[in-house]
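Below is one structure, written out as structure tokens; comments come after it.
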2 protein chains.
Amino acid sequence: METTERKIIEAAIFIFNADPSASLETVADKAGVNRRTLHRYFNDRMQLLEHCKKDMMQTCQAAMSQAFSSSKEPLKQLEMTLYAGIDCGAKYAFLDQLYSRTSYQQLPPEERETTFDTIKSQWFKLVMELQKQQVISNEISTAWIFLLFGSMISNTIRAVHSGDVAPNDVKKFAWFSFSKSIGIKSHE
Amino acid sequence: METTERKIIEAAIFIFNADPSASLETVADKAGVNRRTLHRYFNDRMQLLEHCKKDMMQTCQAAMSQAFSSSKEPLKQLEMTLYAGIDCGAKYAFLDQLYSRTSYQQLPPEERETTFDTIKSQWFKLVMELQKQQVISNEISTAWIFLLFGSMISNTIRAVHSGDVAPNDVKKFAWFSFSKSIGIKSHE
DNA sequence: GACTAATGTCCCAAGAATGTGACATATCTA
DNA sequence: TAGATATGTCACATTCTTGGGACATTAGTC
């Protein structure tokens, strides 16, 4: 079964993803819980945010790790990582926003650094390796590729959300576009 | 010279772009104007938003139109359109957010429809033409391409903002990635 | 200088969101 | 069932935001 804490976090991620400045009342409602109860679990809005962050880190990290280990082939790993990101979906997008929104950018630097680090370092190694092997283009920087990766995930979420792109096509499109956007010539 | 109204709108776009729920005080400060003055120009938060929207439409539309007319070659037009989007920069991103954020999605449908229409229809014709000519891949849908276009612009803005990608590289990267992501084989 | 429009300053009232205390209920467990 | 634990309910103070009234002050204009 689901604990109340989890229900709240889940709701918070969902709600804040749509609107980062939504009221805690809204979150509590979504969680099917009284606002007072929410406050019992999380003293503070910030505390709730922190827990969301932790939750997302775990979820994404797990999905990413699995993606990495699903194949020995670097290119396949990259593809699987993208799919993992897409599957984390809303959660990822929220995290993304959290860190691009100025209001949260005044967080202590070490906070910002460590969040992605475990996922990110694996990912970077992978990409740099592929660049060395000339599988990925050297015309663009690794940082740019990283941003592309994130934006492709956001884009995929938006695509599904907008209803303009068929959900079944979306992963295929995403990999098609991402792989080419980083200069991969073709794939089976 | 710049009118007070313009200064406020400019500031509003800048501020709301970073945080859509920022206070009007913040906007007024950014504009170097008293909050009371802001209220004299715009009765309402919504009214301010409307004016921002109008401003952005004009700016973007002008830039896009110019991009379209800068060349006869469809592919070059597309490239120029992307650059125009990037140059609109923050403004575009704001518009983008405005329409993807749920809170604004409850706007009357005709509002949403007409906003982009003039730009969008030209753009769509162009892309569909290029797809027909097999310059752009048919494996992906036009809607997806449109989303990619927007997300590439947002991404470019973020890249510059993050400081991880050199501003001088960014447009080049953007076109490199975008053109390939939609299946364009190569370009001079 | 006198008159007018624009802006700044100060104040206020309504509303929303936040965080918390006190107490009633409900739910679980020994 | 009794006792503990978790939730709901209500009430409250606090703060922030918003919009606007009243009036002083500054810039322009004739």
Side-chain angles (χ1 to χ4, degrees), chain A residues 1-56 90 94-95 97-99 101-108 111, chain B residues 1-56 90 94 97-98 101-108 111:
Chain A
M1 69 154 264
E2 256 203 336
T3 72
T4 306
E5 191 177 355
R6 283 226 53 72
K7 273 195 303 185
I8 296 174
I9 292 180
E10 221 69 58
I13 291 175
F14 183 87
I15 294 293
F16 287 147
N17 187 40
D19 177 5
S21 61
S23 76
L24 298 181
E25 185 99 49
T26 318
V27 174
D29 284 355
K30 175 74 189 175
V33 127
N34 195 282
R35 185 169 65 88
R36 191 66 188 80
T37 302
L38 185 151
H39 279 297
R40 285 201 185 91
Y41 282 90
F42 309 98
N43 301 328
D44 213 288
R45 187 191 187 87
M46 259 308 156
Q47 212 167 90
L48 177 56
L49 263 301
E50 285 303 310
H51 280 257
C52 290
K53 201 174 74 180
K54 195 183 290 177
D55 177 86
M56 292 180 292
F94 177 41
L95 191 55
Q97 274 196 41
L98 209 92
Y99 284 91
R101 195 154 305 291
T102 26
S103 27
Y104 295 101
Q105 255 179 358
Q106 295 119 352
L107 286 177
E111 284 274 333
Chain B
M1 67 156 264
E2 256 202 337
T3 73
T4 306
E5 190 177 355
R6 283 225 55 72
K7 272 195 302 184
I8 296 175
I9 292 179
E10 221 69 58
I13 291 174
F14 182 86
I15 294 292
F16 288 148
N17 187 42
D19 177 6
S21 61
S23 75
L24 299 182
E25 185 99 50
T26 318
V27 175
D29 284 354
K30 176 73 189 175
V33 128
N34 196 281
R35 186 170 63 87
R36 193 63 190 78
T37 303
L38 186 151
H39 279 298
R40 286 201 185 93
Y41 282 89
F42 309 99
N43 302 327
D44 211 289
R45 187 190 187 86
M46 258 310 157
Q47 212 168 90
L48 177 55
L49 263 300
E50 286 302 313
H51 280 257
C52 290
K53 202 175 74 181
K54 194 183 291 177
D55 178 86
M56 291 180 294
F94 176 41
Q97 275 195 43
L98 210 92
R101 196 151 307 292
T102 25
S103 27
Y104 296 100
Q105 256 179 356
Q106 295 119 355
L107 287 176
E111 284 275 332

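Lettering follows sequence order; numbering is per chain, from 1.
The phosphate of dT7(C) (OP1 or OP2) has a side-chain N or O of Thr4(B) nearer than 4.0 angstrom.
At a threshold of 4.5 Å between non-hydrogen side-chain atoms, the residues Phe16(B) and Leu48(B) count as touching. For the pair Ile9(A)/Tyr41(A), no side-chain contact is recorded, criterion being any heavy-atom separation below 4.5 Å from C-beta on. At least one side-chain heavy atom of Asp55(A) sits under 4.5 Å from a side-chain heavy atom of Arg6(A). Between Ile8(B) and Glu5(B) there is no side-chain heavy-atom pair separated by less than 4.5 Å.
Following rounding to the nearest Å, Asp44(B) (CG) and dG20(D) (P) show an atom-to-atom distance of 7 Å. In this structure, Met46(B) places its CE atom 16 Å from C1' of dG19(D), rounding to the nearest Å. One atom, CG of Asn43(A), and another, P of dG21(C), lie 10 Å apart when rounded to the nearest Å. Put simply, CG on Leu48(A) is 14 Å from C1' on dA17(C), counting in whole angstrom units. Going from atom NZ of Lys7(A) over to atom C1' of dG8(D) covers 13 Å, rounded to whole Å. Remark: P of dC11(C) and CD of Glu25(B) are 15 Å apart, rounded to the nearest angstrom. Atom CZ in Arg45(B) sits roughly 18 Å away from atom P in dG15(C) (whole-Å rounding). Remark: C1' of dA6(C) and CD of Glu5(B) are 13 Å apart, rounded to the nearest angstrom.
For the atom pair NE2 (His39(A)) and CD (Gln47(A)), the distance works out to 11.5 Å, reported to the nearest 0.5 Å.
Residues from residues 34-42 of chain A lying near DNA chain D, meaning a heavy-atom separation below 4.0 Å, are Asn34(A), Arg36(A), Thr37(A), Arg40(A), Tyr41(A) in numerical order.
Using a 4.0 Å cut-off between charged nitrogen and carboxylate oxygen, Glu10(A) and Lys7(A) do not count as a salt-bridge pair.
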